[in-house]
Amino acid sequence: MSLLFLLLLLHELMPGTQGLSLCGWRTQESGGNKLQYSAGSGEDTFTVVNTEKALIVYSPFLSSNEIVLQPLRGTYLFCVHWIPALGIFNFTYGVTKSHIMQTSPQTRSNLLQPTPPSYTCDSSTLLFDVTINGQPLNNSCNFTFPLLSTATDMKNVEHDISQVADYLDKNHFSGKGRMLRYWIETVLSNVTIEENSHHFGKGSLQAAVYKLNSSDVLISLPDCLGVSLSFPKQLMETVNTGTRLHVVRILDSGALFQDAANNTVVDSQVIGITFEGTQVSNLSEDIVITFHHQPLQVNSSPVCVFWDELSENWRMDGCNTVPGEVRTECRCNHLTYFALLMQISSEVIPEVHLVMLSVLTFAGCSISAVSCFFTIIWICCSRKMQSNPTLQIHLNLLGAVLLLDLSFILSAVLGALEERSLCISSAAVLHFALLCTFSWMAIEGFNLYRLVVKVFPASSVTTIKLALVGWGEYLCFSIFYLPSILD
C-alpha cells in the first residue's frame, strides 16, 4: 500500500518519463568548442540549436551551465541524451563525455520559461546525419521535440533503460531510489509490447513485462532475471485477466536502497515484483521468490526482506526464509521490492563441548586459587617476609591472581542470575583484579631488573610505594569510572 501511495503522489510532481536521444555530426569552427544548456524552451519541449559559437540545448528541467569542448576544428560526432524524470543529461562529443545529474527536477508548475531565440541556419551550422531516438531526420541547425509524459515504443524504452543502467554502474543515483522506482513502474506500465512478454535492459538494471492472459503464466515464470517466481492459484482471484506483471532486477551498491543500518545485500541484487494497478498483500498462500547467489561466507546466513517506502528501511514482515548454499527461497504474502540481507552470526558451540569447556575453566581457576591461597599462607609464615621486599612483591602478585580467579568464578555465577546491579559489581571487581594482576606482573619484572642488573641498588622505591601503584591506582579507576562506562 505504501508503494502505491507514494507512486501516485510522485505522479504529479515529476516531469515526463520518456527520454530523448539526439545524435548527429557537427562541423566545429574556430571558437565554437562550447556546449551550453539551460531552461528556456517552453514547458514541454526539448530544443537543440547549433551556432558557430556553441551547441545549445534548451529544456525546462535543465539548469544553466556551459561545457568547454575539444578546441580543434573539424567534424565531430555528438549525442545528447536527456531523461527529465530522472534528471539525466548525458552528452557525448568526440572523445569528450560528460554526465550531469540534476539533484531535484522541478515540478511542472515552476517551468514556464521564455521561448529561446530563433536562429538562421547556414551551411556552416547545419547538423547532418541526425537521428532522434534512432529515427533519421533532415539536416538542420534547429531541432525541437515535445517532452512526452510516457514512453510507449519498445525501442525507446530499451534505450532509456540501457542508459539508466549505465548510470547505475557509475553510482550516479545516490539518494534517488524513490524517483527511479517510480520511473521504472511508469515506463513498464505504458510501454506497448507485441508478445506476451518482453525483456528490457542489461547489467545493473533489467526489467521484464508479462501479459497475464492465462493462469498458466502465474504458476511459474522463467528465471531470466536471476530469480525464479512461483505464484499461488489464489492470486488469480485477485488479479484481473490481462493485467501485466512487472519484474525488475536492480544491482544496487547501497545508493538506491540505503537504510539506516547500512545492511549488506547479498550479491547487491534487489528484485521488484508488482502487478500493474493492483495491490497484492496478505495472501493466505505465499509467493515463492527464489534467489540464485554465490556461496555465502562462513558464519553468515541470508534473510529475506522487503523495502518499506514509508520508513525507507528493510523489513521482514510477511516473509519467511528457506536458506540454501547457492539458492534461497523467500516465501512472502505480498509484492514489492525484495532482497536478501547478509546476517552475520557467530558459530554456536554444541552443548556437550560447552559443558566440557566450562568444567575445564572452573577446574583450572579453582586449582589456581587454591595454590595461590596456600602459597600466600606459606609466605606469611616465613620469617624473611618482613625483611625481604621480593617476597612481599610475590605476596601481592599471588593476592592479585587469587582475586582474579575468585572474581572470574563469581562473575559467571552472578551473571546467570541476570541481575543488572550484580553484573555491574562483578564486572567492576573482575576488571580491577585483571588490571592489578597485569600491574604486579610488571612490578615483578621491575624488581627482577633491580636484582640482576643493579645488584647493589640505591633506590628509594619501597614496597609501600609499589603497592600504591599496584592496587591504589586501579582501585580508584574501578570505583569512579567503571560503573559509568558499564551504564
Side-chain angles (χ1 to χ4, degrees), residues 1-6 177 181 185 206-208 210 212 215-239 243 245-252 254 256-275 278-348:
M1 176 65 75
S2 60
L3 177 60
L4 291 177
F5 172 76
L6 289 171
R181 291 188 288 275
E185 290 299 320
Q206 300 181 53
Y210 299 89
L212 304 181
S215 59
D216 296 335
V217 180
L218 274 179
I219 301 302
S220 180
L221 293 176
D223 54 353
C224 61
L225 297 178
V227 295
S228 301
L229 304 176
S230 180
F231 296 88
K233 294 182 179 180
Q234 177 202 2
L235 198 56
M236 290 304 298
E237 301 175 0
T238 308
V239 180
T243 300
L245 171 68
H246 303 161
V247 183
V248 181
R249 179 176 182 261
I250 300 175
L251 296 182
D252 178 38
L256 298 178
F257 298 86
Q258 187 173 10
D259 61 347
N262 289 325
N263 287 300
T264 301
V265 176
V266 176
D267 289 348
S268 301
Q269 182 177 223
V270 180
I271 301 297
I273 309 170
T274 55
F275 284 99
T278 304
Q279 178 192 352
V280 178
S281 61
N282 299 322
L283 297 175
S284 58
E285 297 181 57
D286 290 335
I287 300 166
V288 180
I289 308 162
T290 305
F291 286 85
H292 305 272
H293 52 78
Q294 298 295 325
L296 301 179
Q297 65 186 43
V298 181
N299 298 337
S300 65
S301 59
V303 178
C304 296
V305 292
F306 72 93
W307 184 255
D308 184 9
E309 290 286 356
L310 292 180
S311 63
E312 295 189 342
N313 274 306
W314 293 110
R315 295 176 55 185
M316 296 184 292
D317 307 358
C319 287
N320 296 314
T321 306
V322 183
E325 184 177 354
V326 294
R327 50 187 293 163
T328 298
E329 288 187 1
C330 294
R331 299 178 176 271
C332 302
N333 62 4
H334 60 282
L335 290 180
T336 180
Y337 281 85
F338 300 93
L340 293 178
L341 294 188
M342 182 86 71
Q343 186 178 57
I344 306 299
S345 57
S346 58
E347 186 176 356
V348 179

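Values below: every heavy atom of this structure, side chains too, minus hydrogens, waters and symmetry copies. Worth saying up front: this structure is predicted, and the values here are computed from it rather than measured.
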Search all heavy atoms of [X] against all heavy atoms of [Y] and return the closest pair with its distance.
{"X": "Gln269", "Y": "Ala339", "result": "O-CB, 3.7 Å"}
{"X": "Phe306", "Y": "Asp317", "result": "CE2-O, 3.1 Å"}
{"X": "Ser228", "Y": "His292", "result": "OG-NE2, 3.3 Å"}
{"X": "Trp314", "Y": "Phe338", "result": "CZ3-C, 4.4 Å"}
{"X": "Leu283", "Y": "Pro232", "result": "CD1-CG, 4.5 Å"}
{"X": "Val303", "Y": "Met316", "result": "CG1-SD, 3.2 Å"}

Distance SG-SG for Cys319, Cys304 less than 2.5 Å: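 Their SG atoms do not fall under 2.5 Å; no disulfide, then.
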Working to the nearest 0.5 angstrom, can you tell me the gap between [X] [atom1] and [Y] [atom2]?
{"X": "Leu229", "Y": "Leu335", "atom1": "CG", "atom2": "CG", "value": "9.0 Å"}
{"X": "Thr274", "Y": "Leu245", "atom1": "OG1", "atom2": "CG", "value": "7.0 Å"}
{"X": "Leu341", "Y": "Ser301", "atom1": "CG", "atom2": "OG", "value": "10.5 Å"}

side-chain hydrogen bond (donor to acceptor under 3.5 Å, both in side chains) against His246, all qualifying residues, sequence neighbours excluded: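 His246 satisfies side-chain hydrogen bond (donor to acceptor under 3.5 Å, both in side chains) with Glu185 once adjacent residues are dropped.
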Aromatic ring pairing Phe257/Tyr337, orientation class (parallel under 30°, perpendicular over 60°, tilted between):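 Tilted.
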Residue pair Ile273, Phe231: steps toward the side chain to side chain contact (heavy atoms under 4.5 Å, CB included) verdict: CA-CA 11 Å; Ile273 309 170; Phe231 296 88; 4.2 Å; yes
Beyond-backbone contact of Asn333 with Ile287, side-chain heavy atoms, under 4.5 angstrom: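 Asn333 vs Ile287: side chains apart.
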Any Asp267 side-chain heavy atom under 4.5 Å of Gln294 side chain: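 Counting from C-beta outward, Asp267 and Gln294 do come under 4.5 Å.
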Side-chain donor-acceptor contacts of residues 322-331 below 3.5 Å, not counting sequence neighbours, with atom names and distances?
{"unit_1": "Thr328", "atom_1": "OG1", "unit_2": "His293", "atom_2": "NE2", "d": "2.8"}
{"unit_1": "Glu329", "atom_1": "OE1", "unit_2": "Arg331", "atom_2": "NE", "d": "3.4"}
{"unit_1": "Glu329", "atom_1": "OE1", "unit_2": "Arg331", "atom_2": "NH2", "d": "2.8"}

